[in-house]
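Just so we're clear, the structure is a prediction, and the values are computed from it rather than from any experiment. Only this structure's heavy atoms are used, side chains among them; waters, hydrogens and symmetry mates stay out. Numbered from 1 within each chain, the chains take letters A, B, ... in sequence-line order.
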Amino acid sequence: MMAISLAAFSTKLSGTLGAGLYWVALLFASLLTAPRRFTNEEEQRTGDLLRLVARPHSVFWGKALWVLAELAANAIVLAGTFLLFTGQNVAQPGIFALGLFGTVLALAGATSVSGAMASRARQSTGLAATLALPLLLPIIFLGMAALRTGLGDGVVENGWRSAVGLVGYGIASLAVGPYLFAAVWKR
Amino acid sequence: MKPLLVVEGLSKRYGRQSLFQNVSLELARGDVLVVTGANGSGKSTFLRCLVGLETPDRGTITFDGDPSTFWGFSAIDQAVYANLTVAEHLEFTADCRGTEANVRFWLERIGLAAFADRPAGLLSTGMRARLKLALAAQAGPQILALDEPGAALDADGIALIDDLVREQAERGACILATNDPAERRYGNLELAIGA
């Protein structure tokens, strides 16, 4: 965020460019931390103990909700500092807020699913990040559309549609996650 | 009497190496099965298949109940959470299983009451082995499966195993993977893996 604010110093960013820069920061923060919540059990070899005492759906939801809380905190802090440092105006607060909420939900879903799928593999953190990429593409597309509209560029109707799409994507991926996780958790 | 555990035609191989083939057995209440075999023969893998940590290539394992409370499992190479204290481990596993933690009781029983607030990462190997025994036996499992239980334990620890195995044989059944002659004496059944 410091780099973005220095790069944009004395420059008025367009909504589209602002949304793009915000997304780079959010993706960097979330891809570094979120998949590790699923893979670190195997890396620290504590997976066996957890597998013996806990049900896979409980493990998935415990981890996914933690990822969700972590991403929500990330997104809110990043949004606050981004708006403060770049001086961007939120032209459509409703779309911006729903877009941010949907982004967090969809990112939590996608990174949880990829983390769950990669959790039993060797080199699992790298694999989780790789698996997350195709899952992230629709989120980036929808998230960019929602945030740029929130920041004043784009058609308002499309912005709403994208924000709602993000929420739907998040719910769908979080609904599928426990079943995928249960399939790979016990081998 | 209905058996607690029925294993039929269990087989497992790693690559070209066959660890065990077509193993069938039944365990009833009061049975103590000792699994023996040379290093690398597959004793640990056999136990891991039984408790659900590995999938066998062939065969079926039948028992009644929730695996998290039916089985108690402890192995020498099993890791615990380095940052959780001894007491927190007992609370955490009980929460996950939905059973009573009985933290005080288990701390006294495994001789770690003075180390209740010490992170597991700072325990000695023997202390960690005692903690793992407590985590395995805490829920009062139907079958207690112990892999090399006496390794790393002192005389008090060996006495703890002695108590746990005898108590377990009254409640359910016990499976020990070991080549230790003293531990082999607990068994009324013996299975040689890789023989």
Note to self: Looking at Asp77(B) and Arg45(A), is there a salt bridge between them, counting it only when a charged N and a carboxylate O are closer than 4.0 Å?
What the structure shows: no
Under a single-linkage definition using a 4.5 Å side-chain heavy-atom cutoff for Ile, Leu, Val, Met, Phe, Trp and Tyr, are [X] and [Y] assigned to the same hydrophobic cluster?
X         : Y         : answer
Leu68(A)  : Ile171(A) : yes
Ile76(A)  : Leu21(A)  : no
Leu137(A) : Tyr169(A) : no
Leu53(B)  : Tyr14(B)  : yes
Leu47(B)  : Val6(B)   : no

Can you tell if the side chain of [X] reaches within under 4.5 Å of the side chain of [Y], non-hydrogen atoms only?
X        : Y        : value
Phe92(B) : Leu49(A) : no
Phe73(B) : Asp48(A) : no
Thr46(A) : Gln78(B) : no

Margin query: For Val53(A), run the side chain to side chain contact (heavy atoms under 4.5 Å, CB included) check against Asp95(B), Thr93(B), Leu135(B), Thr69(B) and tell me which one passes.
Written below: Thr93(B)
Notebook entry, point to check: Are more than 12 heavy atoms from other residues, nucleotides or ligands located less than 6.0 Å from atom CG of Asn83(B)?
Noted result: no
Margin query: Are there over 12 heavy-atom neighbours, none belonging to Phe70(B), within less than 6.0 Å of that residue's CZ?
Written below: yes
Note to self: Once rounded to the nearest 0.5 Å, what's the spacing between atom CG of Leu50(A) and atom SG of Cys96(B)?
What the structure shows: 6.0 Å
Check: To the nearest 0.5 Å, what is the distance between CZ (Arg97(B)) and CZ (Arg55(A))?
Finding: 10.5 Å
Check: In terms of heavy-atom proximity below 4.5 Å to chain B, should Ser58(A) be classed as side chain, backbone, both, or neither?
Finding: neither
Next item on the list: Just give me the residue among Ala136(B), Ala79(B), Ala94(B) that pairs up with chain A most often, heavy atom to heavy atom, under 4.5 Å.
Entry: Ala79(B)
